[in-house]
Amino acid sequence: MDVDLEAVLEAKKAQYKSIEVRKDVELQYDVGNLLATDLNPLDHHAMKSRRDEYLKGLARDNTQLLINKIWQLPVEKADGMILVELPTPSTVLPREKPIPKPKGLTAWETFAKAKGIKNRKRSRMVFDESGQEWKPRWGYKRVDDPKDKWMIEIPDRADPYEDYFEKQAEEKKEKIAKNEYKRLKNISRTQKGGRLKAPLPPPLTKDMSKYQLTHALGKAKEATASIGKFTKSLVRQCSCRGSVFVFIVLLTQFHVAR
């Protein structure tokens with residue numbers, strides 16, 4: 001059986017359109033943004049008679065012209081792939097949101113700026129005289145780690161029966177809480193209006209109280225697009241929130257104490 005290869009090739013070629021597209025008015029290109037603007041007038045007759053087919057063909061031709069423009073750029077091959085470096089975009093695109101405002105100075109930054117204090121970067125490693133080795137200044141296995149001290153010297157005129165290890169742990173907790181308070185205070189000072197947003201509920205644990213569970217449930221209920229307007233309530237769910245719920249708990253405890 002004889003096969004006409006030329007006829008087969010012509011039939012196969014007819015299935016695909018040519019990469020050469022002619023336009024009366026040349027398109028305006030912004031290859032950096034992969035943008036092509038067609039200023040040619042639309043065919044109103046084709047828009048009315050075969051709208052979808054006409055728009056698809058128009059989109060195909062303009063896309064082909066944009067791809068032809070990209071192939072005119074310098075091409076590089078890396079790891080079996082063909083890469084093209086796009087030029088700098090020329091069209092300025094509008095921002096979705098306004099430009100963020102610069103953050104205000106913290107209390108320490110304001111004080112340092114007024115006094116002319118400049119931060120000096122300290123080295124991360126410090127030589128430990130007791131162990132004769134270099135240790136990190138902070139973090140894991142840091143120098144002067146309280147966990148490495150198995151003995152604490154009791155000062156004069158102090159209570160010898162007091163647990164100074166527990167006292168150090170409490171002082172550490174107070175220091176962490178104080179630093180956290182300062183951090184939140186700095187945030188409230190720099191934010192608009194000087195007010196902080198409501199804190200997130202704590203992670204669910206077995207030791208949570210009834211009030212903490214109710215608070216977490218209320219926050220989860222309001223974490224929707226409708227702010228909990230269409231969220232169904234659970235069976236026997238307390239509708240009290242905030243200070244009203246706390247007042248009821250305290251009042252109940254007061255009656256029980258009496």
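Any value given below was found using the heavy atoms of this structure, including those in side chains, with hydrogens, waters and symmetry copies removed. Predicted model, so just to flag it, every value in this text is computed and none were measured.
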Asks: With a 4.0 Å cut-off on N to O distance, would you call K167 and E170 a salt bridge?
Replies: no
Asks: Would you mind reporting whether R60 and Q64 have side-chain heavy atoms less than 4.5 Å apart?
Replies: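 Yes; the side chains approach each other to less than 4.5 Å.
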Asks: Are any of the side-chain heavy atoms of L42 and L58 separated by less than 4.5 Å?
Replies: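 In contact.
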Asks: Among D61, L27, T63, find the one that has a side chain to side chain contact (heavy atoms under 4.5 Å, CB included) with V21.
Replies: D61
Asks: If we only count heavy atoms from C-beta on, is the K175 to K172 side-chain gap below 4.5 Å?
Replies: no
Asks: Quick one: does L55's side chain get under 4.5 Å of M47's, heavy atoms only?
Replies: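 L55 reaches M47 side chain to side chain.
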Asks: A side-chain contact here means heavy atoms from C-beta on lying under 4.5 Å apart; do P74 and E85 qualify?
Replies: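 SC-SC contact between P74 and E85 ruled out.
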Asks: Under a single-linkage definition using a 4.5 Å side-chain heavy-atom cutoff for Ile, Leu, Val, Met, Phe, Trp and Tyr, are V31 and W71 assigned to the same hydrophobic cluster?
Replies: yes
Asks: Do K135 and F127 have side-chain heavy atoms sitting under 4.5 Å apart?
Replies: no
Asks: Do the side chains of L35 and V84 join up, straight or via other hydrophobic residues, at under 4.5 Å, putting them in one cluster?
Replies: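 In one cluster with L35: V84, no.
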Asks: CG of D24 to CG of N40: how many Å apart, nearest 0.5 Å?
Replies: 5.5 Å
Asks: Would you confirm whether D38, through its side chain, and N62, through its main-chain N or O, come within 3.5 Å as a donor-acceptor pair?
Replies: no
Asks: Let's go through R183 and E180 carefully: what are the C-alpha distance in whole Å and the side-chain angles of both, what is the deciding distance for salt bridge (Lys or Arg N to Asp or Glu O under 4.0 Å) to 0.1 Å, and is it a yes or a no?
Replies: CA-CA 5 Å; R183 186 183 70 85; E180 180 67 13; 2.6 Å; yes
